Protein chains: 2
Amino acid sequence: MMRPYRQALDILRDAGLRPTRQRLGLARLLFDGGDRHVTAEHLHAEAVGANLPVSLATIYNTLHQFTQAGLLREVVVDPGRSYFDTNISAHHHFFHESTGDLRDIPADAMEVARVPVPPTGTVVERVDIIVRVKNA
Amino acid sequence: MMRPYRQALDILRDAGLRPTRQRLGLARLLFDGGDRHVTAEHLHAEAVGANLPVSLATIYNTLHQFTQAGLLREVVVDPGRSYFDTNISAHHHFFHESTGDLRDIPADAMEVARVPVPPTGTVVERVDIIVRVKNA
DNA sequence: GTGTTTGCAAAGTGTTTGCAATTTA
DNA sequence: TAAATTGCAAACACTTTGCAAACAC
C-alpha cells in the first residue's frame, strides 16, 4: 500500500501542515479507507497497534489541527468524550448511547423542513441531527 | 411566594423522591418560572446565592435523580459539560458555542421529514436537533 | 429507630498545557 | 540552524464515589 502514503502527504501539504511521521501515520489511518468515527483514545490505541508510536498529547493536537484544517469534523454526542468524523460533508448521525456506536446518516436520507430564524445577532453555522437509538 | 413550595413538594412526591430541604429548594429554583437550561456549576452557584447551602455532589445527584424521574432532560451540546433542560416536551435547540447560550426551538417550529430506519436491533429513542449558531 | 440523603474529600475521566528534547526544512 | 513538533508529566475541568454524620419518616 504505497498510494495512501502519497495521498496523506498531499492532504497534509494542502492543509499547510508539516508532514511529520506522526501526522502522516495518523492521516493514513484516518483517511485511507472509508468514513470513520474515532475518539482520541481509540485512535491512539490503533496507532500504537499499527507500530506508530504516538503520544496521546500528539493525538489530541493532531485531531484538533485536522479539524481546524477542515479535514475532520467533531461530533458532540456524549458528554465527556469527543468523536471525530472523517466524513466532512453534510450529514447526520445515529448514536447508540450504551454501546457508543456512532454511524452516519446520509444528508439526503433525512430532511429538515423550515430551519427557524436564529437569535438576533447570530447566524446558523450548521444543523446537527442526532438520532439516539437504543436496543430494541 | 408560597405556591411554588407546594408545587415543588408535589413534584417530588409524584416522583417518589423524599422531599429534603435540598431537593425542595432545587425543585423550586428549577421549576418555578419558565423553561430553564442549567449546568451543575450554574445551579450550584444559584442555590448558594439563594441561601440554599448545597454541595456540588448533591447537585449532581439531584440533577440525575430528576432526569431519571423525567423531570429534566439532559442536553448534549458541549463536550465536557452537561446541560439540563426543564422543558421535557419534544423540542430542539439553538446553541452558541462561544457564549454557551442554549435556547429552545419549539417542536413545531421545525420539522424532520423522513426519519431513517435505525440500525438493525435498535429503535429510535429520540431525535435531537442542534442548530449551532455563531455571531453574525 | 431505620433507612435515606447529604457533604466532604478523594478518586476518576477525558483533555490541555509547559517545556525540554527532537525533528523538519 | 531556525522554527515547528513531539512527548512527558503535571495541571485541568467536570463528574463520580466512599463513607460517616445528619436527616426524614
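Since this is a predicted model, take the numbers as computed values, not measurements. So that the names make sense, note that chain A is the first sequence line, chain B the second, and so on, each numbered from 1.
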How long is the line joining [atom1] of [X] and [atom2] of [N], in whole Å?
{"X": "A:Arg81", "N": "C:dG14", "atom1": "CZ", "atom2": "P", "value": "5 Å"}
{"X": "A:His42", "N": "C:dT13", "atom1": "NE2", "atom2": "P", "value": "19 Å"}
{"X": "B:Arg23", "N": "C:dT6", "atom1": "CZ", "atom2": "P", "value": "5 Å"}
{"X": "A:Gln22", "N": "C:dA21", "atom1": "CD", "atom2": "P", "value": "18 Å"}

- Presence of salt bridge, B:Lys134 and B:Glu97, under 4.0 angstrom: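 Looking at B:Glu97 and B:Lys134, the cut-off is not met.
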- Base, sugar-phosphate, or nothing: which does B:Thr39 touch, judged by heavy atoms less than 4.0 Å apart?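 The residue B:Thr39 makes no contact with any strand.
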- Contact check, side chains of B:Phe95 and B:Asp78, non-hydrogen atoms, under 4.5 Å: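 When only atoms from C-beta onward are counted, B:Asp78 and B:Phe95 do touch, with a gap below 4.5 Å.
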- pair B:Pro119-A:Arg103: side-chain heavy atoms closer than 4.5 Å: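 Touching, per the 4.5 Å side-chain cut-off.
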- Opening and closing nucleotides of DNA chain D in contact with chain B, under 4.0 Å to non-hydrogen atoms: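 Result: D:dC14 to D:dC25.
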- Item | Short side-chain donor-acceptor distance under 3.5 Å, A:Asp85 and A:His91 |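 Side-chain D/A pair, A:His91 to A:Asp85: present.
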- Establish, from distance only, whether the side-chain atoms of B:His93 and B:Asp104 form a donor-acceptor pair under 3.5 Å.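 Distance-only check passes for B:His93 and B:Asp104.
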- Closest-nucleotide 5' rank along DNA chain D - winner of B:Phe84 and B:Arg21: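 Its nearest nucleotide lies further toward 5', so the answer is B:Phe84.
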- Are B:His37 and B:His42 close enough that their ring centres sit under 6.0 Å apart?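 Not close enough - the centres of the two rings lie 6.0 Å or further apart.
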- Item | Pair B:Leu12-B:Leu24, side-chain contact (heavy atoms from CB on, under 4.5 Å): steps then yes or no | CA-CA 8 Å; B:Leu12 293 180; B:Leu24 275 168; 3.9 Å; yes
- Counter-base of D:dC23, judged by Watson-Crick or G-U geometry with both distances under 3.5 Å: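 Its partner is C:dG3.
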- Item | Residue-level proximity of residues 53-79 of chain A to DNA chain C when a heavy atom falls under 4.0 Å |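 DNA chain C contact set from residues 53-79 of chain A: A:Ala57, A:Tyr60, A:His64.
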- Message: In terms of relative ring orientation, are B:Phe84 and B:His64 parallel, tilted or perpendicular, with 30° and 60° separating the classes?
- Response: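 It falls in the perpendicular class, over 60°.
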